[in-house]
> 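The structure is given below, and queries will be raised subsequently.
We count ligands from 1, going down the list as the structure has it; atoms in each ligand are counted the same way. Worth knowing before you read on, the calculation uses all heavy atoms, side chains too, and leaves out hydrogens, waters and symmetry mates.
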Amino acid sequence: MHYDVAAIRACYPALADGYAYLDGAAGTQVPQAVIDAMSAAQAAGLSNGGGVFPASGRADDIAADCRTAIAALTGGEPDGVVLGPNMTTLTYRMAGALAKTWRPGDEVVVSNLDHDANVRPWVQAAGQAGAVVRWAQVDPVTGELPAGQYRDLIGDRTRLVAVTAASNVIGTRPDVQAITAMARAAGALSYVDGVHATPHLPTDVHALGADFYATSAYKWSGPHIGTVVADPALLDGLRPDKLMPSSDEVPGRFELGTAAYASLAGVTAAVHHLAGLAAGPAGSLRDQVVTSMTEVHQYEQELFDVLLAGLDAMPHVTTYGKAASRTATAYFTVAGRTPQQVAEHLAGRRVNVWHGHNYAWELTGALGIRDAGSAVRAGLVHYNDAEDVRRLLAGVAELAAG
Ligand SMILES: Cc1ncc(COP(=O)(O)O)c(C=O)c1O
């Protein structure tokens, strides 16, 4: 199947500005279809949901369509799709609800590979509940999070295991299936951070064994909306803090205040955009998105091989992480330059990259680079092309000493 990256890039008005957008791991650009869907939602007349008149009905339909689209993207059920402003907010909300069921001496397992949004909410909730936090450790040399260590970390008192599906800086994809299986066997729940993984590969929450799966639409061409996908029956057993008159149904029970309806329309459009990236046989939205994301994964990995080989060939560059299974996300430092200087130099060449810890707080500590300004992140998503990679490598090559 031919992956037509030029046609894909043409869907994105922002990509015409001459910059190489290698900052997708912090948030992607949006295609015209998403912009149009958001603006059409507003233009049609869009009121608050729950009313008896058409503009209110449209809001309810938009929210329902959004849950259906996210279920198609993740393999979950629409009634198990909790919507909110971003993953961090939703994770604090879920941690608050889950921690009400914890007792002193219960245990929670987190990892130092994770973005802090899948660490701190659990550490703080555990502290309030008197629960013990146990840490899975990344191998700082390989960047792997060995699954075997969870055999010792998970026990009778474990209530929750929080783990990422992919590191947002070094791309490591741990063996989530093995980890969630150990959690389940011990009677614990798993909370999988899919924010970085979802844009790069097909997602199947059931195959992952994730009781909760979090992802943020702004990482996969949508607007700034987060979601947590869970079994509706599991959600039904939890009692989050909420207002007295607000819905007690699932998933609405977890959603505070008025929804960002226009953005939800954009999320649905983003899922359809992903489903159409690699033309496949007609099928359900789920089938199309799986086919498409399988192609995206292969395309990104091939381009990433070039990017990584180019960086590794430069004696003045150090790259971090070499996990066997990883997303197309490079994290590197340049001898004699701070990460900020490198990012500034590249910005001058119209190449967008991030520098710093990128909230991989524990990981950059474990790698011993947090206090030195951490590193530079250059990540690929489905709209990046060989020219983006060439420009990155050319810009970094210019920083060779001498
Ligand atoms: C892996 C990962 N987890 C969590 C988050 C936090 O997501 P949000 O910005 O939706 O709160 C990010 C954001 O960069 C991330 O990359």
Side-chain angles (χ1 to χ4, degrees), residues 21-30 66 70 73-74 81-96 110-124 136 138 143 145 161-174 176 179 190-201 203 208 210 212-229 254-256 259-260 263-264 266-267 270 320-321 323 325-331 352-364 366 374-381:
Y21 281 85
L22 296 172
D23 64 328
T28 44
Q29 302 307 307
V30 295
C66 183
I70 289 171
L73 177 67
T74 58
V81 173
V82 178
L83 299 167
N86 51 56
M87 179 273 189
T88 305
T89 303
L90 288 175
T91 302
Y92 267 109
R93 200 168 296 168
M94 292 299 167
V110 297
S111 98
N112 66 353
L113 179 70
D114 274 75
H115 185 287
D116 211 50
N118 202 31
V119 174
R120 219 54 55 190
W122 306 114
V123 170
Q124 291 164 357
V138 72
L145 185 73
V161 177
V163 68
T164 193
S167 156
N168 65 314
V169 290
I170 58 173
T172 305
R173 293 174 54 204
V176 169
I179 296 166
S190 59
Y191 193 97
V192 177
D193 178 359
V195 173
H196 188 71
T198 313
H200 301 293
L201 60 143
T203 300
L208 285 171
F212 299 88
Y213 183 87
T215 181
S216 292
Y218 75 94
K219 308 282 192 180
W220 35 265
S221 303
H224 290 91
I225 290 290
T227 181
V228 171
V229 181
F254 292 84
E255 297 172 352
L256 298 180
S263 293
L264 300 189
V267 173
Y320 295 90
S325 179
R326 66 188 293 195
T327 61
T329 317
Y331 201 45
N352 297 346
V353 293
W354 277 96
H355 65 280
H357 52 66
N358 298 304
Y359 283 42
W361 185 254
E362 299 293 341
L363 176 60
T364 50
S374 302
V376 178
R377 179 178 63 185
L380 301 177
V381 293

> Looking at side-chain heavy atoms only, is the closest gap between S190 and I179 below 4.5 Å?
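No, too far: nothing below the 4.5 Å cut-off.
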> For a side-chain contact (heavy atoms from CB on, under 4.5 Å) with Y213, tell me which candidate from D193, V228, T203 qualifies.
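It is T203; the other options fail the test.
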> Above 12 or not: heavy atoms from other molecules or residues under 6.0 Å from OH of Y359?
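Open.
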> Which of the numbered atoms in ligand 1 are below 4.0 angstrom from a heavy atom of H196?
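That gives atoms 1 (C) of ligand 1.
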> What part of M87 sits under 4.0 Å from ligand 1 if we count only heavy atoms: the side chain, the backbone, both or neither?
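Under 4.0 Å from ligand 1, M87 contributes backbone and side-chain atoms.
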> Pick one: which of I70, T227, L73 meets side-chain contact (heavy atoms from CB on, under 4.5 Å) with V267?
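Only one option passes, and that is I70.
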> Using 30° and 60° as the class boundaries, would you call the ring planes of Y191 and W122 parallel, tilted or perpendicular?
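Perpendicular, since the angle between the ring planes exceeds 60°.
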> Which is it for D193 and ligand 1 at heavy atoms under 4.0 Å: side chain, backbone, both or neither?
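Side chain only; the backbone of D193 stays clear of ligand 1.
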> Which bit of Y218 gets closer than 4.0 Å to ligand 1, counting heavy atoms only: side chain, backbone, both or neither?
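Side chain only.
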> Passes side-chain contact (heavy atoms from CB on, under 4.5 Å), V138 versus T172? Steps please.
CA-CA 10 Å; V138 72; T172 305; 5.7 Å; no
> Please check if the number of heavy atoms outside W354 that lie under 6.0 Å from its CH2 is greater than 12.
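For W354, atom CH2 is not crowded (no more than 12 foreign heavy atoms under 6.0 Å).
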> Looking only at protein heavy atoms, which one is nearest to atom 15 (C) of ligand 1, and what is the separation?
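Heavy-atom neighbour on the protein nearest atom 15 (C) of ligand 1: H115 CD2, 3.2 Å.
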> Counting non-hydrogen protein atoms only, what is the nearest one to atom 11 (O) of ligand 1? Give residue, atom name and distance.
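Checking every protein heavy atom, the shortest distance to atom 11 (O) of ligand 1 gives T88 OG1, 2.5 Å.
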> Short list, please: which atoms of ligand 1 are under 4.0 Å from a heavy atom of N168?
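Listed by number with element: 1 (C), 16 (O).
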> Return the residue, atom name and 0.1 Å-rounded distance of the protein heavy atom closest to atom 14 (O) of ligand 1.
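Nearest protein contact, heavy atoms only, for atom 14 (O) of ligand 1 is K219 NZ, 2.6 Å.
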> S216 versus ligand 1: do any nitrogen or oxygen atoms come within less than 3.5 Å of each other?
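Yes, S216 has an N/O under 3.5 Å of an N/O on ligand 1.
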